[in-house]
Amino acid sequence: MKSFQYTITDELGIHARPAGLLVKLAGGYQSDIVIVKDGKEANAKRIMALMGLSATKGTEITIKVDGPDEEDAAKAVEDFLKANL
Amino acid sequence: MVKCTGKSVLKGIAVGRLYVYRKKEFTLVKTHVDDVEGELKRFDLAVNEAERQLETLYQEALESVGEAEAKIFEVHGMMLEDEGYLEDIKDIIKNNCNAEYAVKEVGDNYSQMFAAMDNEYMRARSVDILDISNKVINILAGVGDDSIKSDEPVILLADDLTPSETISMDKDKVLAFVTIHGSANSHTAILARSLNLPSLVGTDVALLDEYHGQMAIVDGFQEELIINPLDDVLKELTERREAWISETESLRKLIGQDNVTTDGRKINVYCNIGGVEDVGRVLESDGGGIGLFRSEFLYLGRDSAPTEEEQFESYKAVLEKMNGKKVIIRTLDIGADKKADYLGLDPEENPALGYRAIRICLNQPDIFRTQLRAIYRASAYGTAAIMFPMIISVEEIRKIKGIVEEVKRELASEDIPMGDVELGIMIETPAAAVISDELAKEVEFFSIGTNDLTQYTLAIDRQNQKLESICDTHHPAILKLIQMTIENGHKENAWVGICGELASDTSLTKTFVDMGVDELSVSPTYVLGLRKAIREI
């Protein structure tokens, strides 16, 4: 399993548009991708769960990736977060 | 005549009859279903149909309002494919519940979850959940056709509108939207803006049947809905509407055009902003850059100075959104009249002439360095420039440049990438204007702050209403100082802009252009009007 942390810098937090893009991206990998905020977990392949985290600007999230393509998936998610959130 | 106030989403005027829009209501009751498999199948089919409808809405929105706003329907599509949401509904159906009720139950739950969030944007998303849930319920229940039944275009009065209701309405039949709920952040507000419909949200009005068919006016300038206007009010607003329409039409044609005079002189028209949230309006109004980014907002209304990281993120966000266009950041410009207790500023008799702006920065260099580091770090993400306020001497600029060089060396030693950053000063004291020949040798640009320059030159407090009648903003002394500053700047190859209120005063545009001004920076609202004035010279 791969795990890393990221601090949200987007003014609106994980809002609809990037959440939608992240779901698309996550759906392309076999691995389970979970975003954790304050102990609350959300499946990165489910948009409502992602938005339901209410991860606003300044929030630190932990990303856990587990599965056969976890290396690539973690890299892709990290790049995505840096570019979009 | 009834007057109601709301929040305007677009400054414009609409005149027409009211159409009281109510959502199709039907009693949704929980019923016992024996054929669970059949009900699940019925639900799946309804979801497929809803997805198909969303795809159509997306295409419609793409054509009428563009990709950015159409995106919401793609997001709705994803919400509708959300396994958590679908599974929750199916679980309820499996307990022998009818699909309509199951969707409503789960939709309400999710919507409440969003409504309870502490973030305004997320709260507004609860409407999106209800929108997709209602779509599925309507398909299941065979309810359809919410279309407006009217031969003439109307002012639509509703409790609230979902994005799909807004976009699927026949645009030729809507003059304005007026909703009781909704925020300026809602997609309905955004869509209304991109459709150029003067609309009000959060309006203090009741959804009365008797209003249906009555004459009304939506005045986006006064943020009012006037029902049953008196004849003279109706006449006046109708005339103002016509003026507004021809004005907007002629201005919108100028989007994408140059700010160029008939004899070919080009002027940069930039915008004044207070933060990243204003950038959208800059881009909508086709501003060529940011001529004044007031960094004060980062410092106000808080208990401690903003960290380098916080500032970096704000500057970076603006630079990225401006996508390579110039962004001129003005360093901290506050004094004893502003609330920032952590700076430890003592009360002063006369804060306008006191310990403020660059005077604080040069005396408390830690604050200054933090801001400069943040700006230089962000400079790698676009075209940043910095200007320093309240300058009165060459000495000050040399001190500033010394600190700037130290900050740059520091960042370079940390291998932090930086862009080329132009350095300039505000000319807002008579002293600076008078010695602008000397100052020009030290900087790459001047930006004339006419508000302070006027108050200091005329010795008139801008806030003092008694002096309003003698406060001549076109006073020859001010115009002479501006002219002198432009000439002195150009002698040393420094470009010169104006960023105060005078920049948007179109009665002076020709004067400034003739003086040789290179840039005018105004509120986004004035960009196109100014462009028009320049093109007529």
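Proteins come first, then strands; the chains are lettered A, B, ... in the order of their sequence lines, and each starts at number 1.
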Is the number of heavy atoms from other residues, nucleotides or ligands under 6.0 Å of A/K2 NZ greater than 12?
-> no
Go through the atoms of B/I132 and report whether side chain, backbone, both or neither lie under 4.5 Å from a heavy atom of chain A.
-> side chain
The interface call for B/M113 against chain A, heavy-atom contacts under 4.5 Å, is side chain
Could you grab the distance from atom CE of B/M78 to atom CG of A/L21, nearest 0.5 Å is fine?
-> 6.5 Å
Which atoms form the tightest heavy-atom contact between A/K57 and B/S314, and what is the distance?
-> NZ-OG, 4.3 Å
Atom of A/M48, atom of B/I129 and distance for their closest heavy-atom approach = SD-CD1, 3.4 Å
Charged N to carboxylate O under 4.0 angstrom, B/E81 versus A/K45?
-> no
Give, as side chain, backbone, both or neither, the part of B/E83 having an atom under 4.5 angstrom from any heavy atom of chain A.
-> both
Taking atom CD of A/E60 as the centre, does the number of heavy atoms from other residues, nucleotides or ligands within less than 6.0 Å exceed 12?
-> yes
Provide the closest heavy-atom pair for B/M79 versus A/I47 in the form atom of the first, atom of the second, distance.
-> CA-CG2, 3.5 Å
Could you look at B/E320 and say if it's the side chain, the backbone, both or neither that has a heavy atom under 4.5 Å from chain A?
-> neither
Which of B/F114, B/Y85, B/Y110 touches chain A most, by non-hydrogen pairs under 4.5 Å | B/F114
Contact winner vs chain A - B/K71, B/E309, B/K316, heavy-atom pairs under 4.5 Å | B/K71
